[in-house]
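Order of appearance sets the numbers: ligands from 1, and atoms from 1 within every ligand. Worth knowing before you read on, the calculation uses all heavy atoms, side chains too, and leaves out hydrogens, waters and symmetry mates.
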Amino acid sequence: MTAGNGDGALDRESFDVAAVRERYPALADGHAYLDGAAGTQVPFSVIEAIAAAYRAGLGNLGGAFAASGRSVAIVAEARAAVADLVGGVPEGVVFGPSATALAYRIADALSRAWTPGDDIVVSRLDHDSNVRPWIQVAGRVGVTVKWAEVDLVTGELPAGQYADLVGPRTRLVAVTAASNAIGTIPDVAAIAGLAHGAGALCYVDGVHATPHVPVDVAGLGADFYTTSAYKWSGPHLAALAADPGLLETVWPDKLAPSSNAVPWRFERGTLPFADLAGLTAAVDHLATLAPGAPPASRRAGTRRDRVLASMAAVEAYEGALFARLTGGLADLDRVTMYGKAARRAPTAFFDVAGVAPRAVAEHLAARGVNVWDGDNYAYELCTALGLEPDGAVRAGLVHYNDASDVDRLIEGVADLAR
Ligand SMILES: Cc1ncc(COP(=O)(O)O)c(C=O)c1O
C-alpha cells in the first residue's frame, strides 16, 4: 500500500496494523494511545480534507457564489458518509457539536409530547449523556423514570428486564449500544423490540459502539442513533441518525428564519464545514480497513459495503488484541477488572489494589502509555459498582493499537501490581 497521507489499500491477508499506524501522524511520538475511547487520533487524510476545505474557500450556506456551494456540497457529502457508516439515510442525519448536545436537543423536543404519568426507561450502563438529559426533561414534565439495571458481576444489561420495565405509558427507552467503561454490548435489537412493542421510541447511544463494530441502525431498531466522529478518527463533532419521517414529527426550538426542513431544523446555527469535510474523510478511511482484497475490487461495491467489511475486520482484529490485554491483566494478582459481558467493545476498566486510579494513570503516563482514570461519565455504573468518585482505570483499544501498546500497558501495570 501507499501509507502516509493516502487512504491506500491494506494489501495483506490479515489486518495490516503497521500500515494503518503509518496513516496517523500523532502515533509517531511513540506513545501507546490507549485513550481512544475518549477520542482518537486522526489520519493524514482527515487533516488534509480539513485543510483542503479551508484552502479551497468556504462560504455560509445559501449564497449565490461558488464558495457557498462548496459548503453545501460538504454538508451533503457528510450526511451521506454518516448514512454509510451506520446504515441510515442522508436525509435523516443531523449534525451537532457533541452527542451530549444532540441528546439534550432531542430530549427537549420529544418531551413536549409527553404528559404527566408517562414513563421513560434509562439504563445504569449508559454514559450520563444518555441518562441525565432524559431524567431532567422527565422531571420537568412529571414523567416517571424507570431504571434498567446492570448485573454487576458480569457487566451484562439483561434485555429481558425491559419486558417488565416498558408499558403502555412508556414513551422512550434510552440505551447504549456499548458501554464506554466496561465495554458491554447489550442486545439493543431485543431491547428496541420490546420498546416498540409498547409503542415507545428507542434512543440509542452509539458513541462507543460505532468505532468497534459494523453498525446497522435498522437492524438495531434504533429510532435515534448518535455517534461522535472524534471517536472514529474524525473531528470533534457528532451526528444523529434517524428516520426522516420520524424527524418530521418532532419540532425543536429554532430560529424563525432558519430552515423548517428536516434535518436542517435540528441544527442550530452554522455548521463546522471544514470539520464536516474531515468527517467524510474519516468514513472514507474506515472504509479502507478490510484487508485482503486486491486494490481494484476494493473500490468495487458501495462505500457502505466497504464500511461493513472493514468494521467486521476491525472487530476481529480488536477482539484478538483485547484478549491479549485482558489475559495479561488477569495474570496480575492485584488487578481487579470490571465487566466480562459476552459481547464487548475492547475497553478494559480495572483497578490496582492500594493504588488510586489517578496514580496508576500517572505511572503509565510516565512510561508513555496513555490511559484514562475516573468514571468516564459512566456515572451510574460507577456509583453502582462503588467506584465513585475516583472511578477506575480505562484502557481502550482502537484499530490503530498494536500488540506493543498492549504489552507496554501490561508491563507498566505489572510494576505496580507486584
Ligand atoms: C458512550 C458515550 N456516550 C456519549 C459520549 C458523549 O459524547 P460527546 O462528547 O460527543 O458528547 C461519550 C463520550 O465519551 C461516550 O463514550
Legend entry - Partner residues of Y104 under the side chain to side chain donor-acceptor pair (under 3.5 Å) criterion, sequence neighbours left out: Q136
Inset, instruction - List for me each residue that meets salt bridge (Lys or Arg N to Asp or Glu O under 4.0 Å) alongside E91, sequence neighbours excluded, and say none if there are none. - result: none
Inset, instruction - Compile the protein residues with any heavy atom at a distance under 4.0 Å from an atom of ligand 1; present them by chain, then by number. - result: S98, A99, T100, H127, S129, N180, D205, V207, H208, S228, Y230, K231
Legend entry - Results of side chain to side chain contact (heavy atoms under 4.5 Å, CB included) for A38 - residues two or more places apart only: W372, R394
Legend entry - Charged N-O contact under 4.0 Å between E362 and R367: no
Legend entry - Salt bridge R343-E315, side-chain N to carboxylate O under 4.0 Å: yes
Legend entry - Approximate separation, where rounding is to 0.5 Å, of L247 CG and T249 OG1: 7.5 Å
